[in-house]
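Single-structure report; data block below.
The chains referred to below are lettered A, B, ... by the order of the sequence lines, with proteins before strands, and numbering in each begins at 1.
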Amino acid sequence: QQQVKQSPQSLIVQKGGISIINCAYENTAFDYFPWYQQFPGKGPALLIAIRPDVSEKKEGRFTISFNKSAKQFSLHIMDSQPGDSATYFCAASRETSGSRLTFGEGTQLTVNP
Amino acid sequence: GAGVSQSPRYKVAKRGQDVALRCDPISGHVSLFWYQQALGQGPEFLTYFQNEAQLDKSGLPSDRFFAERPEGSVSTLKIQRTQQEDSAVYLCASSLVWDQPQHFGDGTRLSIL
């Protein structure tokens, strides 16, 4: 059962553009939604995270939008840079279960100069 | 070191051999997680420790997989009688306590020939 579905699988944007990645989840018990960035040969690194009591969270160029009723959340990368080229994963967890993360399938982002 | 350290970075084994993968979490981190990441996929949960106690091992794919953290710090993931489908990157993550962000190591890439 795929509990977190992520789209698109790959994304190409121009430098300075906005990158948007979407995720949908099924388990309404999830209460923590992080986004991770992964470069080749490296482990995932936490970018930004949100809990369901807010609809939006912004940190620098990165914004999470959260829609609890639709069970969807998205990552927006403003002013995308070539250095942002990486694979992005959304994830979800139930903190009452020890915070094991359920990841989406990943989105490979390429930002062209 | 400041981050999660995993060793070896690469491991090649013949089918049927046993392997052991090591994780050194961030000092003082109580929670430790193991994930398996197949090529082009998101990480999948294997098991979770709080100190030396293994609280969740529901993600271990078979009884050939065994994890331990005897002193509540370093953890070892052991795979017995390896099979080709065990080829993947094995990621370790630690967090200060169960409801804090997880910090990932760079993983061990396991190849079974």
CZ/B/R15: more than 12 non-hydrogen atoms of other groups inside 6.0 Å:
no
Hydrophobic cluster membership, A/I20 vs A/F33, 4.5 Å side-chain cutoff
no
Carefully, step by step, assess A/F103 and B/F45 under the rule side-chain contact (heavy atoms from CB on, under 4.5 Å).
CA-CA 9 Å; A/F103 284 85; B/F45 171 81; over 6 Å; no
If you group Ile, Leu, Val, Met, Phe, Trp and Tyr by side-chain heavy-atom gaps below 4.5 Å, do B/F65 and B/L32 land in one group?
yes
Look only at the side chain of B/R9 and the backbone of A/G41, and say whether a donor-acceptor pair between them is shorter than 3.5 Å.
yes
Output for pair (A/R100 CZ, B/E44 CD), nearest 0.5 Å, gives 10.0 Å
Can you tell me which portion of A/Q9 sits under 4.5 Å from chain B's heavy atoms? Options are side chain, backbone, both or neither.
neither
CG (B/L39) with more than 12 external heavy atoms under 6.0 Å
no
Is it the case that over 12 heavy atoms from other parts of the model lie below 6.0 angstrom from the CD atom of A/Q108?
no
Do B/F104 and A/Y36 make the cut of ring centroids closer than 6.0 angstrom?
yes
Specify which of A/C90, A/P44, A/G106 makes the most heavy-atom pairs with chain B at under 4.5 Å.
A/P44
Between CG on residue B/L91 and NZ on residue A/K42, distance to nearest 0.5 Å
12.5 Å
Nearest 0.5 Å please: distance from the CD atom of B/Q37 over to the CZ atom of A/F89.
5.0 Å
For residues A/V13 and A/I21: do they belong to one hydrophobic cluster (side chain heavy atoms under 4.5 Å, members Ile, Leu, Val, Met, Phe, Trp, Tyr)?
yes
Quick one: does A/E105's side chain have a donor or acceptor within less than 3.5 Å of a partner on B/G40's backbone?
no
With a sphere of 6.0 Å drawn around CD of A/E59, does it hold more than 12 non-hydrogen atoms of other residues, nucleotides or ligands?
yes
In this structure, would B/Y35 and B/L21 fall into the same cluster of hydrophobic residues linked by side-chain contacts under 4.5 Å?
no
Residue part contacting chain A, namely of B/S58, when any heavy atom lies under 4.5 Å:
side chain
Contact part of B/L55 toward chain A, heavy-atom cut-off under 4.5 Å: side chain, backbone, both or neither?
neither
hydrophobic_cluster_shared for B/V89 and B/L46, side chain cutoff 4.5 Å
no
If I take atom CD from residue B/Q102 and atom OG from residue A/S93, how far apart are they, to the nearest 0.5 angstrom?
7.5 Å
Tell me the closest heavy-atom pair linking A/L46 and B/P101, and the distance in Å.
CD2-CB, 3.5 Å
Output for pair (A/L101 CG, B/Y48 OH), nearest 0.5 Å, gives 11.5 Å
